[in-house]
Every structure is written in structure tokens, then in C-alpha cells.
Amino acid sequence: MENKYDDRFLLNYLDGTLDSSEKQLLEQELEKSQAIRERLELMRFTIRAIKFKGYKSSVNEIQHDFLQHRIENKSFTSVSTPKLEGKVRPMQFWIKIAASLLFLCSLGYVLWLFQADGEQLYKNNFISYEIALERGAGSQESQLESLYINGEFKQMFQVSAEKTLEEFDAFELLLLATAALELNDPEEAMRYLQKIDSDNTDNQTDDYQDEADFFMAMAYLKQGAYEQALRLVQKMRSEEQHKYHSNFSWTEEWSIRLQHML
Amino acid sequence: MGKSTVWTDKEILEAISGSNQINEAIRQLYEGYYGVLENYILQNSGNEADAADTIQETMLVFLNLVETNRFRGDSSINSVLYGINRNIWLTTLRKRKSTLNRDQLYSKQQEREEPDISKTLEEVEGYQLIMSLFEKLGKKCRQLLHLFYYENLSMKEIAAQEGYTNDQIARNTKLKCMKELMNQIEGNKHLNDLVKNALGYGK
């Protein structure tokens with residue numbers, strides 16, 4: 001390296017302490033000498049590294065203060081542990097929301113259970129009896145059956161007025177019972193349905209017993225006889241093979257139970 | 001410029017370039033941009049500790065960009081910091097060999113890396129190595145060089161503060177310390193190559 005442009009000279013250049021003529025001479029020399037250029041660049045790089053070390057200390061300290069300040073600001077909230085704050089507060093918030101919704105739903109449900117009286121349950125669950133198609137293939141259609149199919153419910157009672165209950169078979173009793181229900185006469189319906197039930201008990205048969213259970217339950221509901229209705233609904237819901245097993249939900253069962261308790 | 005006010009980009013750059021109120025300028029950077037930089041890390045597979053490490057490095061790279069006159073305010077500080085932060089975080093993910101994150105992020109963002117940031121990152125690596133050699137200098141040397149180059153104290157002020165007989169003695173000591181440091185750099189082949197490589201990118 002040229003002696004004139006030694007490290008002292010180069011350092012003075014970088015520190016800005018050379019006078020303008022010295023500075024100009026060096027810059028001219030830098031154009032020509034790669035060795036001086038490289039030495040100067042290495043020196044410049046080293047000075048930057050020293051500055052960088054200063055920056056690093058400052059940044060480190062300022063970041064520490066900044067994060068500490070942020071944590072302290074967070075600690076003014078109700079939760080003392082700042083890191084957990086973001087997680088705990090939303091959880092509490094959502095738990096409260098969920099609890100409120102659960103409470104409102106429960107309240108609404110209980111109100112619904114209480115307001116669902118027998119008449120309401122009857123309307124919601126009554127279905128007209130549909131005569132099975134296959135029945136017509138093997139037996140002659142009776143007069144009562146024809147009238148039932150045509151919706152002539154009143155005429156069904158007119159044509160059977162002279163007969164006693166014992167003179168009807170189970171199917172006819174069922175048709176008369178459902179016709180009575182169609183005419184909003186649950187007491188009359190109960191006469192026929194109870195006859196089916198008692199005949200089955202006496203004869204150890206189950207002719208149209210499932211249908212009898214269902215329409216008796218409907219008749220009891222219509223009359224507000226909740227205890228009897230509940231017994232039948234429980235029976236239907238507990239027997240998976242029962243034709244009307246799925247006609248009452250557990251909420252409806254509870255509704256009947258509540259009406260019975262009132 | 002009061003501490004409570006929000007500085008403009010120009011004010012921040014002037015404070016850094018002029019080496020006056022550097023700490024206050026860095027504070028302004030933290031208050032103004034930490035949130036958005038942290039949010040980027042958190043939204044891209046990082047946690048709060050990752051964010052703290054990455055942002056610290058981001059700030060250093062930014063300061064170096066300003067220091068080396070590569071950032072003159074053509075873009076906003078916000079966009080430059082964001083770019084640096086993203087670049088460093090992507091590099092971190094790559095180093096962690098987090099294939100999924102790397103593939104997802106790189107495929108979308110690799111083309112957006114700014115070349116100046118890559119240069120600066122390489123320089124920073126060189127600085128780190130020089131800093132390790134700097135630590136091997138005596139305490140007096142470290143303090144003298146720090147006060148002159150970072151704190152911007154004059155030789156007269158340093159002489160008075162550090163107990164040198166006069167500013168010329170302090171100046172001679174500084175030269176001696178610099179030579180010692182540079183000798184160590186030249187004696188470290190890896191560092192020497194790295195510095196030369198970084199300088200090859202230089203202005």
C-alpha cells in the first residue's frame with residue numbers, strides 16, 4: 001500500500017477530518033488503486049459494524065421497554081395476566097353468551113311445554129285413520145267402510161244406531177271410533193276404542209290394538225285426561241314395534257307429564 | 001419533536017441519518033409499526049416470540065438501509081419495514097424447513113422480495129461477525145469506538161469523558177483500536193470472504 005494513504009489517512013477521510021485538497025487527492029488515488037479502495041471499504045464496513053452494534057443495543061433496549069409498556073397497559077384490564085388476557089376474556093364472554101342463550105332457550109322451551117295443553121297436542125298429533133289398501137283385496141267392503149272412505153262420518157252412526165257394541169268386529173269399532181274423533185266427539189270414540197281394548201284383553205288378542213292405543217291417547221288428550229293419555233303415550237314410545245312408536249316426541253311426552261302435574 | 005407526537009417519515013429519517021435522537025426515532029418506529037409487523041408474523045405461522053425476534057432484526061436492517069443511504073424516502077417507511085419483516089420471516093421459515101409454510105408463502109411472495117434488502121441482510125451477517133471480534137477488544141477500545149461512531153461525540157468530548165490527556169491521544173488510541181480490529185478481521189478468512197462478498201454488492 002502507498003505509504004501516504006495509510007490507515008490514519010483513510011480513517012481521517014472516513015471521519016471527515018481531511019481538508020478538501022487531501023480529500024480530493026485521495027479520491028483521485030481511489031480511482032487508480034484497487035488496494036486502497038479495498039482497504040477503505042473494509043474500514044468503512046468495520047465502522048458500520050461498530051454503529052450497528054450501537055443500534056443493536058438501542059433496539060434491544062427500546063424493544064424491551066416497548067413490550068414491557070404494552071404489557072403494563074394491558075394489566076389495567078380486569079385480567080391480571082396480560083398474556084392470558086386475550087384468551088380468557090373472550091372465553092368468559094362466550095360462556096356468558098352461551099349461558100344466556102341456553103337460559104332463554106330453556107325458558108322458551110318450558111313455556112312451550114306449559115302452553116301445549118291437550119287440545120294443542122291433539123291438533124298437533126291427530127292423523128286420520130287410513131284403511132290399508134291390501135284389506136280390500138281379501139274381504140268385501142262393508143257399508144261402514146264405504147261411508148268412512150267417503151267421509152260420511154255421521155251416516156256411519158245412523159246406519160249403526162240399532163246395533164250394540166258387541167255386534168261390531170274390531171275393524172268396525174275402530175272405524176266408528178275414528179269417525180267419532182273426526183266429528184270431535186272423543187267420549188263417543190272412547191266407547192268403541194275401550195271395547196277393542198277390553199276384547200283384546202279378554203280374548204288375549206291384539207286386533208287393531210296399536211290403532212286403539214293411539215286413538216285412545218288422542219281422545220284422552222282431547223278430553224284433558226292427561227294421566228291416561230300419558231300412560232298410552234309412554235307405552236307407544238317404549239315399544240319399538242308399535243305402529244305409532246314415533247308419533248309422539250319425548251318433548252310431547254314431557255308436555256303431557258307437565259299438564260298432568262298442574 | 002416531542003416524545004408524545006407522531007413523527008413523519010421525514011422526521012424519522014432525518015433523526016437517523018443525522019445521528020441525533022436515534023433512540024427517539026427507533027421508539028417512533030416501534031410505536032408506529034410494531035403492531036402491523038407483529039400481525040404479519042402471527043398471521044403466518046409465527047407466535048409472539050417469533051414476532052419479537054423478527055421485528056428486532058427488521059429494525060436493525062432498516063437502520064442499516066438508512067445508514068448506507070439505500071433508503072432515501074422514495075417509499076414509505078411502512079412499506080419498507082413491512083418488506084424487510086416479510087423477507088426475514090420467510091428466511092426464518094425456510095431455515096426451519098417448515099415445508100408447508102415455506103411453500104405456501106414463497107409461492108405467493110418470493111417474487112416480491114426487494115434486492116436491496118437481501119444485500120443488507122448479507123451485510124448484517126458480516127456485522128454480526130465483526131461484532132464478535134469487537135468484543136475481543138479491550139474495554140477502553142470498545143468504549144472509545146462506540147462513543148465516537150455511535151454516540152457521535154467529538155474527540156475532545158471523549159478525551160474529557162474518558163480521561164485521556166488530550167484529544168490527540170484519544171485520536172491515536174482510536175486509530176490503534178481500529179487497526180487491531182481490522183487485523184482481526186483480515187486474519188479471519190471466513191469473515192474476510194464474507195465482507196468482501198458483501199462489499200461486492202456495495203455501491
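In what follows, every chain begins at residue 1, and chains take the letters A, B, ... in the order their sequences are listed. Values below: all heavy atoms of this structure, side chains included; hydrogens, waters and symmetry mates excluded.
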Fill in the blank from the handout: When the 4.5 angstrom heavy-atom criterion is applied to B/Leu175 and chain A, the contacting part is both

Problem - Part of B/Leu60 within contact of chain A (heavy atom distance under 4.5 Å) - result: both

Exercise for the section: Not counting sequence neighbours, which residues clear side-chain contact (heavy atoms from CB on, under 4.5 Å) with A/Glu31? List them please. Expected result: none

Completion exercise
Test side-chain contact (heavy atoms from CB on, under 4.5 Å), reference A/Tyr5, set A/Glu29, A/Glu22, A/Arg39, output is A/Glu29

Completion exercise
Okay, A/Phe66 and chain B: the region with an atom under 4.5 Å from a heavy atom over there is side chain

Completion exercise
One option among B/Glu135, B/Arg171, B/Glu57 has the most heavy-atom pairs under 4.5 Å with chain A, and it is B/Glu135

Practice task
Among the options A/Asp15, A/Thr17, A/Asp65, A/Leu67, pick out the one with the most heavy-atom pairs lying under 4.5 Å from chain B.
Solution key: A/Asp15

Handout entry: Distance-only polar pair, side chains of B/Tyr30 and A/Gln63, donor-acceptor under 3.5 Å
Key = yes

Exercise for the section: Decide, yes or no, whether a salt bridge links B/Arg70 with B/Glu123 under the criterion of side-chain N to carboxylate O below 4.0 Å. Expected result: yes

Exercise for the section: Select one option (side chain, backbone, both, neither) describing which atoms of B/Phe134 are under 4.5 Å from chain A's heavy atoms. Expected result: side chain

Practice task
For each of A/Glu38, A/Lys56, A/Glu41, tally heavy-atom pairs with chain B at distances under 4.5 Å, and name the one with the top tally.
Solution key: A/Lys56

Problem - Pick from B/His146, B/Met59, B/Glu186 with the largest number of heavy-atom pairs that fall under 4.5 Å of chain A - result: B/Glu186

Exercise for the section: Could you tell me whether the side chain of B/Trp7 reaches within less than 4.5 Å of the side chain of B/Gln21, counting heavy atoms only? Expected result: yes

Handout entry: Partners passing side-chain contact (heavy atoms from CB on, under 4.5 Å) against B/Gln184 (at least two apart in sequence or in another chain)
Key = B/Leu133, B/Lys136, B/Leu137, B/Glu180

